[in-house]
Amino acid sequence: MGAPAKGEDRAETFGRLAFAYCKIATVSLLLGRFALPVAAVLSAGFFVVAWWRGKRDTRCYLRYPLAAAGFWAVIVAIWLVAEFIGLPWWLAWIHR
């Protein structure tokens with residue numbers, strides 16, 4: 001039992017990527033325009049719970065769970081403002 005061949009290692013990597021994007025596509029298909037706020041709320045919530053339970057780092061680019069949770073909370077806030085209040089004309093291209 002040696003190390004896996006390079007081709008198998010790459011195949012596994014692409015398989016994981018395909019599964020990750022499959023999950024994203026499924027959520028988007030089911031939730032439509034609400035996919036972003038739902039995913040952002042869940043992400044922020046899970047980052048906070050992870051931090052609460054002792055996880056002090058993450059694989060996310062922001063590195064720290066509370067920083068990532070804060071980022072997604074801001075995204076949800078911007079989405080809510082855009083959806084229910086509206087954006088100024090110079091930002092309208094972001095939302096529709």
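Any value given below was found using the heavy atoms of this structure, including those in side chains, with hydrogens, waters and symmetry copies removed. Throughout, numbering of the chain's residues begins at 1 and tracks the sequence.
Side-chain contact between Leu36 and Trp72 is present, with at least one heavy-atom pair separated by less than 4.5 Å. The closest side-chain heavy-atom distance from Val38 to Val27 is not below 4.5 Å.
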Passes side-chain contact (heavy atoms from CB on, under 4.5 Å), Arg56 versus Trp51? Steps please. CA-CA 6 Å; Arg56 299 297 186 237; Trp51 179 84; 3.1 Å; yes
Please lay out, stage by stage, how Phe47 and Leu42 fare under the test side-chain contact (heavy atoms from CB on, under 4.5 Å). CA-CA 8 Å; Phe47 275 127; Leu42 290 173; over 6 Å; no
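Nearest heavy-atom pair, Ala35 versus Ser28, reported as atom, atom and distance to 0.1 Å: CB-CA, 3.9 Å. Between Cys60 and Ala68, the shortest heavy-atom contact is SG-CB, 4.1 Å.
Legend: residues meeting side chain to side chain contact (heavy atoms under 4.5 Å, CB included) with Arg53, ordered by chain and number and at least two apart, are Val49. When the ring pair (Phe, Tyr, Trp, His ring centres under 6.0 Å) test is applied to Phe34, the partners found at least two apart in sequence or on another chain are Trp79.
Of the possible polar contacts, none joining the Ser43 side chain to the Ala39 backbone as a donor-acceptor pair under 3.5 Å is found. A donor-acceptor pair is defined here as one N or O able to donate and one able to accept, closer than 3.5 Å; no such pair exists between the side chain of Arg63 and the backbone of Thr58.
The CG atom of Leu31 sits 10.5 Å away from atom OG1 of Thr26, with the distance rounded to the nearest 0.5 Å.
For Thr13 and Arg16, the side-chain atoms include at least one donor-acceptor pair closer than 3.5 Å.
By the criterion of side-chain heavy atoms lying less than 4.5 angstrom apart, applied directly or through intervening Ile, Leu, Val, Met, Phe, Trp or Tyr residues, Val76 is not grouped with Ile24; the two fall into different hydrophobic clusters. The hydrophobic clustering, which links ILVMFWY residues whose side-chain heavy atoms are closer than 4.5 Å, places Leu30 and Tyr21 apart. Hydrophobic clustering places Val41 together with Phe71 (ILVMFWY residues linked when any side-chain heavy atoms are closer than 4.5 Å, directly or through intermediates). By the criterion of side-chain heavy atoms lying less than 4.5 angstrom apart, applied directly or through intervening Ile, Leu, Val, Met, Phe, Trp or Tyr residues, Tyr61 is not grouped with Ile75; the two fall into different hydrophobic clusters.
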